[in-house]
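A quick write-up on the structure given underneath.
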Amino acid sequence: MTRTAFLGMGHYVPPKVVTNDDLAKMFDTSDEWIQQRTGIKERHYIEEDGIGASDLAVPAVQMACKNAGIDVSEIDAIIFATLSPDYTFPGSGVLLGDKLGLPGVPALDVRNQCSGFLYGLQVADAWIKCRMYRRVALVGAEVHSTGIDFTDEGRDVTVLFGDGAACALLGPTEDENEGVIDVEIHADGSGAEQLWLEAPASKYMPRITHEMIDERRVWPAMNGRQVFRWATTKMPEVSESVLQRAGVSTDELDLVVPHQANKRINEFVGQKLEIPPEKVVHNIQKYGNTTAASIPLALSEAIQEGRAKKGDLILMPAFGSGFTWGAALVRL
Ligand code: UT7
């Protein structure tokens, strides 16, 4: 039976590094608070006006293709997961296709925030298994730094997020010892307002007003404790479900590459699943939360560092805005 293989991974972060101390110069926070509560030390931001999520994705896709040993021109479908698209419309996938010189190649934008990579992976897996496409570039890319509130009011959210992009180049394999084993995804919109960006919004006439800006409804807002509670419940739950269906015990896992929202959340998930801490990948200290990019960025780095190797059995759980959550089980 055809399976979906990870043919190559790539990632890119903009060069500008912003430390916790840099943020503490802009609003009331501290390196100590941020590190203690989240594990984050620094994050990367775009350096200038005019760089969108699709721009960060270009070098990530090129690196993934190089590692897969294929030419960019062989990509026959793009899936672009982001919560910070270059424009409201059209989606970032079509912009990326244009920048890569891929006219006519279909491009699907996925809007499932921190779980976007897993949602995209399930779609790509179905496309590849039914032989619809052979070379799918699954991208997660975010430019958060232009859309967060650098004041005391926004500090809880702002310290968390960073810019970055990553790509998994996916394709069919007949080798049953590699590829995607399972992807399980979920959503519960009753949690929508617990982590959201309210305005501009098509439900309001007009979509944006000066009042909305004054009331700070144009910045992301989060009920951190509530999100934390849900994340630490749903990530272990969906992980156990995927492992059980695959008949895999946690001892057999080589690595867990979780969404990087908070180091404490991932330590908690690891403990709950009884996974030794050295098997759980963290890179949030360097990049903060890069939302849809975070799982592929962590996986790409783990491969680059030799920490994730061909044949490894890897679990990838995520939880985020929506609420949305899920887990993937993959043999590299
Ligand atoms: O990827 C999407 C999913 N997102 C998440 O998974 C995030 C989940 N939530 C979290 O990670 C945590 O809730 C946070 C890291 C966001 C916050 O940590 P917490 O331990 O839940 O803190 P808190 O929100 O309960 O706030 C504790 C205190 C408050 O002060 P008081 O009321 O105790 O005086 C906050 O005002 O910390 C204050 N605070 C800050 N202080 C310094 C909130 N943000 C900051 C800040 N710097 N950046």
Side-chain angles (χ1 to χ4, degrees), residues 18-43 81-84 110-119 140-142 144-145 147-164 166 185-189 191-197 216 219-238 257-270 272 282-285 287-298 316-327:
V18 177
T19 65
N20 294 341
D21 286 332
D22 292 332
L23 295 182
K25 288 178 198 141
M26 292 183 246
F27 52 86
D28 182 17
T29 190
S30 68
D31 179 48
E32 193 194 355
W33 190 97
I34 300 170
Q35 284 210 49
Q36 233 171 47
R37 306 273 174 147
T38 71
I40 300 167
K41 295 182 178 168
E42 57 193 34
R43 70 288 289 142
T82 185
L83 70 69
S84 53
V110 169
R111 297 293 307 278
N112 293 87
Q113 301 69 249
C114 304
S115 312
F117 184 76
L118 299 180
Y119 271 71
E142 306 284 359
H144 284 301
S145 59
I148 42 182
D149 179 6
F150 291 94
T151 70
D152 290 358
E153 284 91 337
R155 65 181 181 172
D156 58 331
V157 172
T158 298
V159 298
L160 302 178
F161 292 101
D163 302 341
I185 49 176
H186 296 277
D188 183 342
E193 295 178 15
Q194 303 299 322
L195 175 48
W196 70 331
L197 175 55
R216 320 195 78 76
W219 305 115
M222 175 172 73
N223 179 346
R225 287 194 178 178
Q226 187 79 328
V227 177
F228 195 99
R229 237 189 325 271
W230 273 72
T232 49
T233 307
K234 293 300 179 188
M235 284 168 76
E237 188 181 284
V238 69
V257 183
H259 167 53
Q260 308 284 310
N262 185 325
K263 193 160 184 242
R264 278 162 53 219
I265 293 179
N266 290 343
E267 285 168 350
F268 188 91
V269 171
K272 214 161 169 184
H282 305 281
N283 68 0
I284 193 169
Q285 62 281 4
Y287 304 119
N289 181 350
T290 57
T291 318
S294 93
I295 289 180
L297 174 55
M316 300 185 272
F319 182 87
S321 159
F323 293 131
T324 59
W325 66 96

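Remember, it's 1-based here, ligands and their atoms both numbered in the order they're listed.
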Subject >> Close side-chain approach of Glu32 to Asn20, heavy-atom, < 4.5 Å >> reply: no
Subject >> Per-residue contact class, Gln113 against ligand 1 - non-hydrogen pairs under 4.0 Å >> reply: neither
Original post:
Going by the order shown, which atoms of ligand 1 are within less than 4.0 Å of some heavy atom of Val159?
Top reply: 48 (N)
Subject >> Close-contact set for ligand 1 against Asn289 heavy atoms, below 4.0 Å >> reply: 1 (O), 2 (C)
Original post:
Which heavy atom of His259 sits nearest a heavy atom of Ser294, and at what distance?
Top reply: ND1-OG, 2.6 Å
**OP:** Find out whether Glu193 and Asn223 are in side-chain contact, i.e. whether some heavy atom of one side chain is under 4.5 Å from a heavy atom of the other.
**Re:** no
Original post:
What part of Leu195, side chain from CB on, backbone N/CA/C/O, both or neither, has a heavy atom under 4.0 Å from ligand 1?
Top reply: side chain
Original post:
Any heavy atom of Met222 sitting closer than 4.0 Å to ligand 1?
Top reply: yes
Original post:
Is there a protein heavy atom at a distance of less than 4.0 Å from atom 1 (O) of ligand 1?
Top reply: yes
**OP:** Mind listing the closest non-hydrogen atom pair of Val257 and Pro317 along with its distance?
**Re:** O-CD, 3.8 Å
Original post:
Would you call Thr233 and Phe319 a side-chain contact if the rule is heavy atoms closer than 4.5 Å?
Top reply: no
Original post:
Do protein heavy atoms approach atom 20 (O) of ligand 1 to less than 4.0 Å?
Top reply: yes
Subject >> Contact bool for atom 10 (C) of ligand 1 (protein heavy atom, d < 4.0 Å) >> reply: yes
Original post:
Which atoms form the tightest heavy-atom contact between Leu197 and Trp219, and what is the distance?
Top reply: CD1-C, 3.3 Å
**OP:** Look at atom 4 (N) of ligand 1 and say which protein heavy atom is nearest, naming residue and atom and giving the distance to 0.1 Å.
**Re:** Val227 CG1, 3.6 Å
Original post:
Hey, does Asn266 have a side-chain heavy atom less than 4.5 Å from the side chain of Gln260?
Top reply: yes
Original post:
From atom 33 (O) of ligand 1, is the closest protein heavy-atom distance below 4.0 Å?
Top reply: no
**OP:** Run the numbers for me: atoms of ligand 1, each under 4.0 Å from some heavy atom of Cys114, listed by number.
**Re:** 1 (O), 2 (C)
Subject >> Heavy atoms of other groups near Lys41 NZ, more than 12 under 6.0 Å >> reply: no
Original post:
So do the side chains of Arg155 and Asp28 get within less than 4.5 Å of each other, counting heavy atoms only?
Top reply: yes
**OP:** Please report which non-hydrogen protein atom sits nearest to atom 6 (O) of ligand 1, along with the residue it belongs to and the distance in Å to one decimal place.
**Re:** Ile265 CD1, 3.3 Å
**OP:** Would you mind listing which atoms of ligand 1 come within a distance below 4.0 Å of any non-hydrogen atom of Thr38?
**Re:** 15 (C)
Subject >> Donor + acceptor pair across side chains of Thr19, Asp21 (<3.5 Å) >> reply: no
Subject >> Nearest atoms (heavy-atom pairs only) where Pro236 meets Val269 >> reply: CD-CG2, 4.1 Å
Original post:
Nearest to atom 35 (C) of ligand 1, what protein heavy atom do you find, and at what distance?
Top reply: Arg155 NH2, 3.8 Å
**OP:** Verify the contact flag for atom 14 (C) of ligand 1, where contact means a protein heavy atom under 4.0 Å away.
**Re:** no
Subject >> Protein residue, atom and distance nearest to atom 43 (C) of ligand 1, heavy-atom basis >> reply: Trp33 CZ2, 3.5 Å
Original post:
At a 4.0 Å threshold, what atoms of ligand 1 neighbour a non-hydrogen atom of Ala261?
Top reply: 1 (O), 5 (C), 6 (O)
Subject >> Nearest non-hydrogen protein atom, atom 22 (O) of ligand 1 >> reply: Arg37 NH1, 3.3 Å
**OP:** Closest by any non-hydrogen atom to atom 8 (C) of ligand 1: pick that one out of Pro220, Gly322, Gly224, Gly39.
**Re:** Gly224
**OP:** Evaluate the 4.0 Å heavy atom contact test for atom 24 (O) of ligand 1: does a protein atom fall under the cut-off?
**Re:** no
**OP:** Look at atom 30 (O) of ligand 1 and say whether a protein heavy atom is found at less than 4.0 angstrom from it.
**Re:** no
Original post:
If we only count heavy atoms from C-beta on, is the Asp188 to Trp325 side-chain gap below 4.5 Å?
Top reply: yes
Original post:
Just checking, any donor-acceptor pair under 3.5 angstrom between side chains of Thr82 and Glu142?
Top reply: yes
**OP:** Quick one: look up the protein heavy atom nearest atom 46 (C) of ligand 1 and list residue, atom name and how far away it is.
**Re:** Thr29 OG1, 3.4 Å
Original post:
Which atoms from ligand 1 have a heavy atom of Asn262 less than 4.0 Å away?
Top reply: 10 (C), 11 (O), 15 (C)
Original post:
Charged N to carboxylate O under 4.0 angstrom, Glu267 versus Arg264?
Top reply: no
